[in-house]
Amino acid sequence: MKVVIFCGGLGMRLREYADNVPKPMVPIGYRPVLWHVMKYYAHFGHKDFILCLGYRADAIKQYFLHYDECVSNDFSLSKGGKDLQLFNSDIHDWNITFAETGMHSNIGQRLKAVEKYLVGEKTFLANYADGLTDLDLPKLVDFAQQHDKIATFVSAKPNLTYHMVSAAPDGVVSDIQSIRDAALRINSGYFILKQDIFKYMREGEELVLEPFKRLIQEKQLMAYEHNGFYASMDTFKDKQQLDDLYARGDAPWVVWNSKASQSAAPATEPAKSPAGEPAGYVASRRDG
């Protein structure tokens with residue numbers, strides 16, 4: 001299956017890191033977060049990518065045009081630097097389509113703009129460029145194929161430190177709990193979509209708003225619950241936390257590393273709720 005990745009966001013909440021670096025190119029360790037997302041999919045055999053570009057598209061293009069395999073792979077150097085031998089490679093078998101989808105387009109508009117590159121694809125994967133997870137992707141694919149709906153997305157616990165408060169109209173508090181312990185779930189941005197999704201989209205619409213509401217009315221939208229690791233790099237604080245995990249060698253999303261694959265928390269089975277009615281409340285993470 002092809003993988004559509006939405007790379008056009010301005011990344012306003014990461015401006016304290018760098019003013020002119022597009023969010024997908026903000027690094028975690030040696031590589032940009034976009035690379036980590038792509039490496040995740042490639043690990044499961046999905047290596048045909050469509051990048052929906054917007055802000056600073058040139059930076060993303062130049063990165064891959066001048067990609068340096070030596071940065072994240074073992075190699076030997078001999079004969080005074082004249083002979084370089086790579087022992088493994090990251091992207092030699094990746095196919096990447098770079099698509100200009102507009103500076104200020106929303107996710108729905110970006111997806112619609114690359115419809116021409118998805119002709120013949122009965123089903124395809126789609127994702128934001130900054131969401132990281134240890135999700136067992138084949139289980140998600142099996143779940144989507146089993147239910148055979150037009151759209152499936154992954155719902156996850158929000159990676160937030162806020163507390164939810166329940167109070168009466170007069171202000172008397174009846175409960176307070178961590179948002180992570182509540183029934184709230186978010187749309188993580190990991191999608192499996194059938195070609196028919198384009199029939200539900202109208203000009204200018206956001207993917208998870210009007211089109212998804214139409215799918216809900218026809219019971220054509222499924223949510224797959226994942227209770228393992230999930231994090232998005234929305235702010236500089238998020239970047240620091242992901243950097244720390246990666247530096248410690250404790251990054252659950254690095255499923256292509258055998259050690260990480262063994263230690264990562266397993267993906268849970270989908271919720272035992274009626275078809276089309278995922279357990280808990282699901283909120284959309286954000287626009288891309």
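As the structure is a computational prediction, the values presented were derived from the model and not from experiment. Heavy atoms only: backbone and side chains are in, while hydrogens, waters and symmetry mates are out.
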Closest non-hydrogen atom pair between Thr101 and Cys52, with its separation: OG1-C, 3.5 Å

Side-chain (Gln62) to main-chain (Ala59) donor-acceptor, under 3.5 angstrom: no

Flag side-chain contact, heavy atom, 4.5 Å: Val154 against Thr133: no

Partner residues of Glu115 under the side-chain hydrogen bond (donor to acceptor under 3.5 Å, both in side chains) criterion, sequence neighbours left out: Lys112

4.5 Å side-chain heavy-atom contact, Ile28 and Trp253: yes

Side chains of Tyr128 and Ser232 in contact at under 4.5 Å (non-hydrogen atoms): no

is_close_aromatic(Phe143, His147), centroid dist under 6.0 Å: yes

Flag side-chain contact, heavy atom, 4.5 Å: Leu193 against Phe198: no

Exam field: side chain Lys23 to backbone Asp234, donor-acceptor pair closer than 3.5 Å: no

Closest non-hydrogen atom pair between Ser105 and Arg110, with its separation: O-NH2, 3.1 Å

Distance in Å, His226 NE2 paired with Asp134 CG, rounded so as to fall on 0.5 Å steps: 4.0 Å

Donor-acceptor contact below 3.5 Å, side chain Asp48 vs main chain Met1: no

Side-chain touch Phe229/Val255, heavy atoms, less than 4.5 angstrom: no

Side-chain H-bond candidate by donor/acceptor type, Trp35 with Tyr67, under 3.5 Å: yes

Any donor-acceptor N/O pair, Tyr190 side chain to Leu137 backbone, under 3.5 Å: no

Polar side-chain atom of Lys61 near backbone of Leu53 as donor-acceptor pair, under 3.5 Å: no

Inter- and intrachain pairs under salt bridge (Lys or Arg N to Asp or Glu O under 4.0 Å), touching residues 27-45, at least two apart: Arg31-Asp90, Lys39-Asp90

Where at least one partner belongs to residues 187-198, residue pairs that pass salt bridge (Lys or Arg N to Asp or Glu O under 4.0 Å), sequence neighbours excluded: Asp148-Lys194, Asp196-Lys199

Heavy-atom neighbours of Phe64 CZ exceed 12 at 6.0 Å: yes

Heavy-atom closest pair, residues Lys149 and Leu221: CB-N, 4.4 Å

Inter-residue atom distance Asp130.CG - Asp238.CG, 0.5 Å rounding: 9.0 Å

Pairwise distance OH(Tyr55) to CD1(Ile60) - rounded to 0.5 angstrom: 10.5 Å

Minimum side-chain heavy-atom gap Leu140-Thr152 below 4.5 Å: yes

Nearest atoms (heavy-atom pairs only) where Ser89 meets Glu69: OG-OE2, 2.6 Å

CD on Glu225 to CZ on Arg185, rounded to 0.5 Å: 4.0 Å

Within 6.0 angstrom of Phe87 CZ, more than 12 heavy atoms from elsewhere: yes

Closest approach of Val208 to Phe191 (non-hydrogen atoms, all atoms of both residues): CG1-CZ, 3.9 Å

Non-hydrogen side-chain atoms of Gln195 and Lys122 separated by less than 4.5 Å: no

Under-4.0 Å salt bridge between Glu205 and Lys213: no

Nearest-0.5 Å distance, NZ of residue Lys2 to CG of residue Leu118: 6.0 Å

Any Ile107 side-chain heavy atom under 4.5 Å of Glu206 side chain: yes

Side-chain donor/acceptor of Gln220 to backbone N/O of Ile150, under 3.5 Å: yes

Closest non-hydrogen atom pair between Tyr230 and Ser188, with its separation: OH-O, 3.1 Å

Sidechain N-carboxylate O distance under 4.0 Å for Arg248, Asp244: no

